[in-house]
Amino acid sequence: MTDDIRRNMALFPIGIVMKLTDLTARQIRYYEQHELIVPARTAGNQRLFSFNDVERLLEIKALIEKGVNIAGIKQVMLPVSRESEDATVLNEQTEVKRKELSESQLHRMLKQDLLQGNRRGKVSLIQGELSRFFQR
DNA sequence: ATTCTGACA
DNA sequence: TGTCAGAA
């Protein structure tokens, strides 16, 4: 279950998630208000999202584009598990390092997640979506 | 420079 | 949902 820990680690701030999902901060926060996602928080109250959070956001995005509203999405998507809720929050020290997560590092993680994901049923970060980050 | 919450011409 | 203000 080591991989689950990796997927639930709170890693990226909302800015990166915006680029990853093509959703606005407004939308991301709105979905959180409706408990579709429960990102972790830093000591400074900043949201930190995990791979699982990003995946859920992509699923939500797909449904929205299909014309499903929040109420409908709530019925279709299973509520976030407790394990995901208390997502491994980074301690102060790890958090400091996380501050300088470079683009290349991010891409490495995404690529790794894409591979490990397809290597099992879960299909990690919806194929077409994030593929645009490595198209070259 | 980034992100957070609350509010609404 | 966009966008702006005022505060971390």
Side-chain angles (χ1 to χ4, degrees):
Chain A
M1 191 130 278
T2 313
D3 194 51
D4 269 47
I5 295 178
R6 182 184 67 76
R7 285 167 174 278
N8 284 319
M9 287 199 289
L11 296 172
F12 359 82
I14 199 166
I16 290 179
V17 177
M18 288 173 70
K19 295 180 180 178
L20 259 36
T21 63
D22 264 331
L23 290 172
T24 64
R26 179 78 168 78
Q27 293 176 300
I28 297 172
R29 293 169 184 143
Y30 180 72
Y31 302 148
E32 178 188 35
Q33 288 190 298
H34 288 269
E35 303 177 279
L36 266 36
I37 54 171
V38 185
R41 296 284 182 141
T42 66
N45 197 43
Q46 309 243 124
R47 272 169 269 251
L48 279 188
F49 304 76
S50 65
F51 277 108
N52 281 334
D53 291 327
V54 176
E55 280 184 34
R56 287 184 69 86
L57 284 171
L58 288 175
E59 291 175 27
I60 294 170
K61 182 190 175 190
L63 291 174
I64 290 295
E65 297 179 321
K66 283 181 175 293
V68 184
N69 56 46
I70 300 299
I73 295 178
K74 285 184 179 179
Q75 297 179 60
V76 181
M77 290 184 85
L78 332 169
V80 292
S81 61
R82 287 188 57 194
E83 304 81 82
S84 300
E85 278 188 68
D86 38 16
T88 309
V89 181
L90 287 59
N91 57 53
E92 298 305 292
Q93 296 176 47
T94 306
E95 196 175 305
V96 175
K97 292 186 176 182
R98 189 273 310 168
K99 277 184 178 175
E100 305 311 329
L101 182 64
S102 69
E103 285 288 300
S104 60
Q105 288 179 293
L106 173 57
H107 282 215
R108 282 187 58 277
M109 301 187 80
L110 291 177
K111 185 177 297 179
Q112 182 195 327
D113 195 74
L114 236 25
L115 297 178
Q116 297 193 354
N118 294 325
R119 183 180 304 167
R120 34 183 270 193
K122 291 301 182 179
V123 177
S124 68
L125 306 179
I126 300 182
Q127 301 166 19
E129 295 292 355
L130 293 180
S131 61
R132 62 192 161 80
F133 281 96
F134 327 88
Q135 307 221 130
R136 261 128 273 165

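Predicted model only: the values in this text are computed from it and were never measured. All chains are named by letter (A, B, ...) in the order of the sequence lines, taking the proteins before the strands, and each is independently numbered beginning at 1.
Contact between A:Arg6 and A:Phe51 at its shortest, heavy atoms only, is NH1-CE1, 3.7 Å. Shortest non-hydrogen contact noted between A:Ser50 and A:Arg7 is CB-O, 3.2 Å. Of all heavy-atom pairs between A:Asp53 and A:Ile37, the closest is O-CG2, 4.2 Å. Between A:Val54 and A:Thr21, the closest heavy-atom pair is CG1-CG2, 4.0 Å.
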Worksheet item: Which letters describe nucleotides 2-9 of chain B, given B = protein heavy atom under 4.0 Å from base, S = only from sugar-phosphate, - = neither?
Response: -SBB-B--
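Distance check: A:Phe49 CZ to A:Leu20 CG gives 11.0 Å after rounding to the nearest 0.5 Å. With rounding to the nearest 0.5 Å, the separation of CG in A:Leu63 from CD1 in A:Ile73 is 5.0 Å. The structure places CD of A:Glu32 at 9.5 Å from CD of A:Glu35, a figure rounded to the nearest 0.5 Å. Once rounded to the nearest 0.5 Å, the distance linking CG of A:Asn52 with CG of A:Asp4 reads 7.0 Å.
Residues A:Lys61 and A:Glu65 form a side-chain contact, since some pair of their non-hydrogen atoms from C-beta on lies under 4.5 Å apart. The shortest distance between side-chain heavy atoms of A:Leu36 and A:Ile70 falls below 4.5 Å.
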Worksheet item: Reading DNA chain B 5' to 3', how would its secondary structure be written in dot-bracket notation, given Watson-Crick and G-U pairs with both distances under 3.5 Å, brackets [ ] for crossing pairs and | for partners on other strands?
Response: .|||||||.
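For DNA chain C, the contact window with chain A, defined by any atom under 4.0 Å from a protein heavy atom, covers C:dT1 to C:dT3 in 5' to 3' order.
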